[in-house]
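Scroll down for the structure; my scribbles are underneath it.
Below, read A as the first sequence line, B as the second, and so on, with proteins coming before strands; counting in each chain starts at 1. Only heavy atoms go into these numbers, but all of them, side chains included; no hydrogens, no water, no symmetry mates.
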Amino acid sequence: MYKIVKKRLLIPGQTSMLQIHAPQIAAKARPGNFVMLRVHEQGERIPLTIADADPEGETITLVFLVVGKTTAHLNTLEQGDEIADVCGPLGRPTEIERKGTVVCVGGGTGVAAMHHIAKGHHRAGNRVIAIVGARSQDLLLFCDELESFCPEVRIATDDGSRGHQGFVTEVLQQLIDDGEDIAEVVAVGPVPMMRAVAGVTKPHGIKTTVSLNSIMVDGIGMCGACRCSVGGETRFACVDGPEFDGHEVDFDELWGRLGQFREQEAQSMELFHQCRCGGDQ
Amino acid sequence: MTRPQKTKKKILPRVAMPEQPALERACNFEEVTLGYTAELARQEAMRCLQCKRPLCRDGCPVEIDIKAFIGCLQEDDLDGAHAVIRDYNSLPAVCGRVCPQESQCEGKCVLSAKGEPVAIGRLERYVADAFAARQEADDPCTALTGAPVCASDKPLRVACVGGGPAGLSCAGHLAAQGARVTVFEALHEVGGVLVYGIPGFRLPKDVVRREVEAMRGLGVVFRTNWVGGCTFELSELFDQGFDAVFIGVGAGLPRFLNVPGENLLGVFSANEYLTRVNLGRANAFPAYDTPPPPTGRVVVVGGGNVAMDAARTALRLGAEKVTILYRRTEAEMPARVEEVHHAKAEGVEIHCLCSPVSFNGDQGQHLVSVSAQLMELGEPDESGRCRPVCLEGQVTEIPADTAIIAVGTQPNPVLLRATPDLPLNRWGYIEADPETGETALPNVFAGGDIVTGAATVISAMGAGRRAAKAILERFGS
Ligand SMILES: Cc1cc2nc3c(=O)[nH]c(=O)nc-3n(C[C@H](O)[C@H](O)[C@H](O)COP(=O)(O)OP(=O)(O)OC[C@H]3O[C@@H](n4cnc5c(N)ncnc54)[C@H](O)[C@@H]3O)c2cc1C
Ligand SMILES: Cc1cc2nc3c(=O)[nH]c(=O)nc-3n(C[C@H](O)[C@H](O)[C@H](O)COP(=O)(O)OP(=O)(O)OC[C@H]3O[C@@H](n4cnc5c(N)ncnc54)[C@H](O)[C@@H]3O)c2cc1C
Ligand code: SF4
Ligand code: FES
C-alpha cells in the first residue's frame with residue numbers, strides 16, 4: 001500500500017495533485033518517467049506521469065485530471081489514505097543534454113509532466129522557455145513553479161483571460177518567427193495539441209519530442225496495448241517511449257486507439273456516479 | 001489390495017476425466033476439468049504396470065519418479081505419493097493441469113504403444129489437490145516441502161527477479177533449505193504466466209495462490225510492483241546484501257505479424273486479451289474496472305496454448321463465433337492435445353493452412369475482416385515440422401470484429417536494457433549455463449523463458465530448481 005502524504009486540489013473537482021510515499025520510486029524517478037497505479041483491488045491499472053520526485057522526502061508527485069472512473073475514484077481519496085499499487089518509475093526517461101534553448105510546451109494536465117522535463121533541462125544548463133496553455137486562466141497549472149526557474153514563461157488561454165488569446169502553437173510560431181534559436185521543442189498535452197506543435201516545427205526542422213498517452217495495461221512491455229506507429233514502425237509507448245519524435249508519430253492512429261473502450265468507460269463512470277449518489281440519498 | 005497382473009494382455013481404456021459439459025462451460029470461467037475422485041484415481045493408478053524399466057520418467061523434464069508415486073497410489077498411500085512428487089516438483093497442482101504430458105511422460109509410457117498411456121498428469125493433479133485439501137491451513141511448510149518444520153535462518157540471501165514458475169521454484173527450493181529469499185515481481189500479483197496468461201478455467205487462480213502462500217509460510221518475502229531495471233538495478237541487490245540473484249523474468253513481449261492493419265481497433269495481442277481478463281478480471285466488469293476486450297466474430301491467429309486460451313476466453317466473454325487460423329495442420333499444433341480437443345468441443349472452429357496477410361478496417365479504423373493466404377505443407381524445416389508454403393493467388397477474406405494475435409513472444413526488454421553487461425545469445429535471450437543457470441555475471445543465475453524462449457511451465461521450474469541447487473552448492477549449504 002502507498003500512502004497519500006499530501007493532497008491538493010489544483011482545480012476543484014477536476015485536477016488534483018497527490019504526493020505519495022514511494023521511497024524506491026522517488027529515488028529513481030527521472031523526468032519523463034511514469035508510474036502504473038491501481039487504486040484498489042478491483043481497480044484498473046492506469047499510467048500517470050511523475051510530475052516531481054523528492055528522494056529525501058521519499059515522495060513522488062502525481063497530477064491528474066478526472067476523466068473517468070479510475071481518476072474519479074482516485075480523487076475521492078484524501079491525505080492519509082492508501083493506494084493499492086504504484087509501480088515504477090517506468091518508461092524511458094527524457095533524453096536531456098546541454099544543447100541551448102529548449103522550448104517546453106504544455107497543455108492542460110500535461111503541464112505537470114512538462115514541468116518535470118523542463119526542470120531537467122534547466123538543471124542540465126539549458127535555457128528553458130515554457131509555453132503553457134489552458135482554456136482559461138483558472139485552469140492554468142504550474143505557472144508559478146515554472147516561473148521559478150524558466151527565464152520566460154508564456155501563456156496562452158482560449159478565452160484570452162491571461163496571456164495570448166489562442167493556442168500555444170501560435171505562441172510557438174511567434175518565437176520561431178522572432179528568430180529564436182531553438183535546439184528542441186518538447187510538447188506534452190492532449191493529442192491535438194501535440195500534433196499541432198509537431199506541425200509548426202516540422203517545416204523548420206526543429207527537433208520535436210512528444211509524450212504519448214496511449215492506453216496501457218501492464219506498462220512493462222507485455223501486452224502491446226500501448227503500441228503506436230512511429231516512422232512507420234510499431235513501437236510500444238511504455239518501454240520504447242513514452243517520448244517519441246513528434247514528426248514521425250501517427251497521431252490519427254493514436255487518437256483512434258485512445259477511443260477504443262469509450263463505451264465501457266462511460267458505463268463504468270455512470271455506475272460510479274450512481275453508487276455515489278445512491279449513497280447520499 | 002491386489003497388484004495388477006503383468007501377464008494380462010488386455011489394456012483397459014484410461015479412466016475418463018470428469019468435466020463440465022462443453023456447452024455449459026463455454027459460458028463460464030469455472031475450471032473445465034473437475035479432477036479425479038479418490039476412486040477414479042485409484043482405478044487409473046491400477047492401470048500402471050510398474051515396469052522394471054519405466055520409460056515415463058525419461059520423458060519428464062524434471063525426472064519425477066513416476067513409477068514410485070503411482071505405486072504409492074496403488075497402495076492407497078497419498079502421503080507417500082505426495083512425498084515422491086515433492087522431491088522433484090514444487091508446483092504439482094499446476095503441472096498436473098498444464099504440462100504437455102502427451103509429448104512428455106505419457107508420450108513415453110509403455111502402454112502408449114499398445115493403447116492409451118497411464119493418465120500421469122491427472123494422477124499428479126489428484127495427488128496435489130487431495131493432499132492440499134487435507135492439509136491443515138496453519139501448516140504451510142508441509143505443503144511445499146513435506147517437512148513440518150521450517151529450516152532455521154541461514155545467512156544465505158537470494159533475490160529472485162520475476163515471480164513466474166522459474167522464480168517461484170527457485171525461491172521455494174532455496175527457502176526449504178533455509179535460505180532467506182525475496183521475490184521481486186513487476187506486476188501486482190505473483191505467478192507470472194500462471195496468473196496473467198493461463199485462464200482460470202484451465203488453472204484456477206486459487207491453485208497458484210495456494211502455492212504462493214505455502215512459500216510465504218516458508219519465509220519467502222514477496223515484493224510486488226518491483227520492476228528490475230526500473231525500481232532497482234541488478235547490481236544494487238548485491239549492495240543490499242544479497243549473495244546471489246536469480247533472473248526469471250520470462251519472455252513476455254508479444255510478437256506481431258508485421259502485416260498491414262495490425263494496429264486497427266479490434267486487433268489485440270493475446271497477451272493483452274488474456275491479461276485484461278486474468279489479471280484485470282475484465283470478465284467481471286463493471287464490478288472490476290478493467291474494460292473487457294470486445295467479442296463479436298473473433299479470429300485468433302496461432303496454434304499454441306496461447307491461441308487456444310485466447311479463443312476459449314473469447315467464447316466465454318460471449319463471442320458469436322470464434323475461428324482459429326493456423327498456418328500448418330492440426331498435427332503440427334504446439335498446443336496441448338487436450339486443449340485443442342476442449343476448444344473444438346466448446347465450438348471453436350479451426351482453419352488450418354492459412355495465415356493472415358492483412359487486417360482490413362472501415363473508415364473509423366475498426367477491424368472488419370482478415371485476409372488470409374491459403375497454404376500447403378512443403379519440406380520440413382530446421383524444427384522438423386513441415387514448412388507451410390503459400391498457394392499462389394489463393395487468399396480468402398474472413399469477416400471479423402476482433403482479431404487476437406498469438407504468434408509467440410520475445411524476451412522482456414526492461415531488465416535486459418538496464419543491464420547491458422549481461423551477455424545475451426543471438427536471439428536476445430540470456431546466456432546461461434544449461435546445468436547451473438549461471439550467467440556470465442558472477443553469482444547471477446537465470447532460467448525459464450528468459451533463457452530458453454517461450455517454453456513450458458515445467459521446464460521453467462526445472463531451471464529454477466537447478467539454479468537453486470547450484471546456488472546452495474556455491475554457498476556451502
Ligand atoms: C504515459 C502516460 C502518462 C500519463 N500521465 C497522466 C498524468 O500525469 N495525468 C493525467 O491526468 N493523465 C495522464 N495520463 C492519462 C491517464 O492515464 C488517463 O487519463 C487515465 O487512464 C484515465 O482513466 P479513467 O478510468 O479515469 O478514465 P476512463 O474513463 O477509463 O478513460 C478516459 C480516457 O482515458 C484514456 N485511458 C483509459 N484507460 C487508460 C489506460 N489504462 N491507460 C491510458 N489511458 C487510458 C482513454 O483515452 C480514455 O478514453 C497518462 C497516460 C499515459 C499513457
Ligand atoms: C497464455 C499462455 C498459456 C500457456 N499454457 C501453457 C501450458 O498449458 N503448459 C505449459 O507448460 N506452458 C504453458 N505456457 C508457457 C508457460 O507458461 C511459460 O513457459 C512459463 O510460465 C515460463 O515461466 P517463467 O517463470 O520463465 O516466466 P513467466 O511465467 O513469464 O514469469 C515471469 C515473471 O517475471 C515478471 N517480470 C518481468 N519482467 C520483470 C522485471 N523487470 N522485474 C521483475 N519482474 C519481472 C513477470 O511479470 C512475470 O511475473 C503458456 C503461456 C501462455 C502465455
Ligand atoms: S511407463 Fe507407464 S506403465 Fe510403465 S511405470 Fe511409467 S506410467 Fe507406469
Ligand atoms: S502497456 Fe502493455 S506493452 Fe505497453
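Although no hydrogens or angles enter the test, the distance criterion places no donor-acceptor pair under 3.5 Å between the side chain of A:Gln267 and the main chain of B:Phe285. Under the 3.5 Å distance criterion, the side-chain polar atoms of B:Asn225 are left unmatched by any main-chain donor or acceptor of A:Asp85. Not a single donor-acceptor pair under 3.5 Å links the side chain of A:Glu44 to the backbone N or O of B:Pro291.
With a threshold of 4.5 angstrom between heavy atoms, A:Ile215 approaches chain B through side-chain atoms but not through N, CA, C or O. For chain A, the nearby part of B:Pro293 is the backbone; its heavy atoms alone come within less than 4.5 Å. For A:Asn33, no part sits under 4.5 Å from any heavy atom of chain B, backbone or side chain. With a threshold of 4.5 angstrom between heavy atoms, A:His40 approaches chain B through side-chain atoms but not through N, CA, C or O. At a 4.5 Å heavy-atom cutoff, the contact between A:Val86 and chain B is made by backbone atoms alone. In this structure, the portion of A:Leu271 lying under 4.5 Å from any heavy atom of chain B is its side chain and not its backbone. Interface remark: B:Ala270 contributes no atoms to any contact with chain A (heavy atom separation under 4.5 Å). With a 4.5 angstrom heavy-atom cutoff, B:Pro254 touches chain A via backbone and side-chain atoms both.
By the 6.0 Å contact criterion, CZ on B:Arg417 is enclosed, its count of non-hydrogen atoms from other residues, nucleotides or ligands being greater than 12. Residue A:Glu82 qualifies as enclosed at atom CD: its count of foreign heavy atoms under 6.0 Å is above 12. Taking a 6.0 Å sphere around CZ of B:Arg255, one finds it holds more than 12 heavy atoms contributed by other residues, nucleotides or ligands.
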Practice item. Could you go through the side-chain contact (heavy atoms from CB on, under 4.5 Å) check for B:Asp289 and A:Arg38 one step at a time? Key: CA-CA 10 Å; B:Asp289 293 343; A:Arg38 198 172 66 130; over 6 Å; no
Check your understanding: What do the steps show when you test B:Leu253 against A:Phe236 for side-chain contact (heavy atoms from CB on, under 4.5 Å), and what is the final call?
Key -> CA-CA 10 Å; B:Leu253 189 86; A:Phe236 288 7; 3.5 Å; yes
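Residues A:Cys87 and B:His188 fail the side-chain proximity criterion, which asks for heavy atoms closer than 4.5 Å. Using a 4.5 Å heavy-atom cutoff, the side chains of A:Arg45 and B:Leu187 are in contact.
Contacts with chain A were tallied for B:Ile405, B:Thr231, B:Asn271; B:Thr231 has the most, counting heavy-atom pairs under 4.5 Å. The candidate from A:Arg92, A:Glu265, A:Glu41 with the greatest count of non-hydrogen atom pairs under 4.5 Å with chain B is A:Arg92. Ranked by heavy-atom pairs under 4.5 Å with chain B, the list A:Ile25, A:Asp250, A:Val239 is led by A:Val239. Considering only heavy-atom pairs separated by less than 4.5 Å from chain B, the leading option among A:Glu263, A:Lys69, A:Arg227 is A:Arg227.
Of all residues spanning residues 257-267 of chain B, those with a heavy atom less than 4.5 Å away from chain A's heavy atoms are B:Glu262, B:Asn263, B:Leu264, B:Leu265, B:Gly266, B:Val267, arranged by number.
Here the CE atom belonging to A:Met216 is positioned 12.0 Å from the CD atom belonging to B:Glu272, to the nearest 0.5 angstrom. The line from CZ of B:Arg281 to CD of A:Gln42 is 9.5 Å long, rounded to the nearest 0.5 Å.
Checked options B:Pro292, B:Pro294, B:Pro286; the residue passing with A:Gln264 is B:Pro292 (criterion: side chain to side chain contact (heavy atoms under 4.5 Å, CB included)).
Minimum interatomic distance between B:Arg276 and A:Val217 (heavy atoms only, all atoms of both residues): NH2-CG2, 3.6 Å. The two residues B:Thr290 and A:Gly43 make their nearest non-hydrogen contact at OG1-O, 4.1 Å.
Scanning for salt bridge (charged side-chain N to carboxylate O under 4.0 Å, His left out) contacts around B:Glu236 gives A:Lys28, with sequence neighbours left out.
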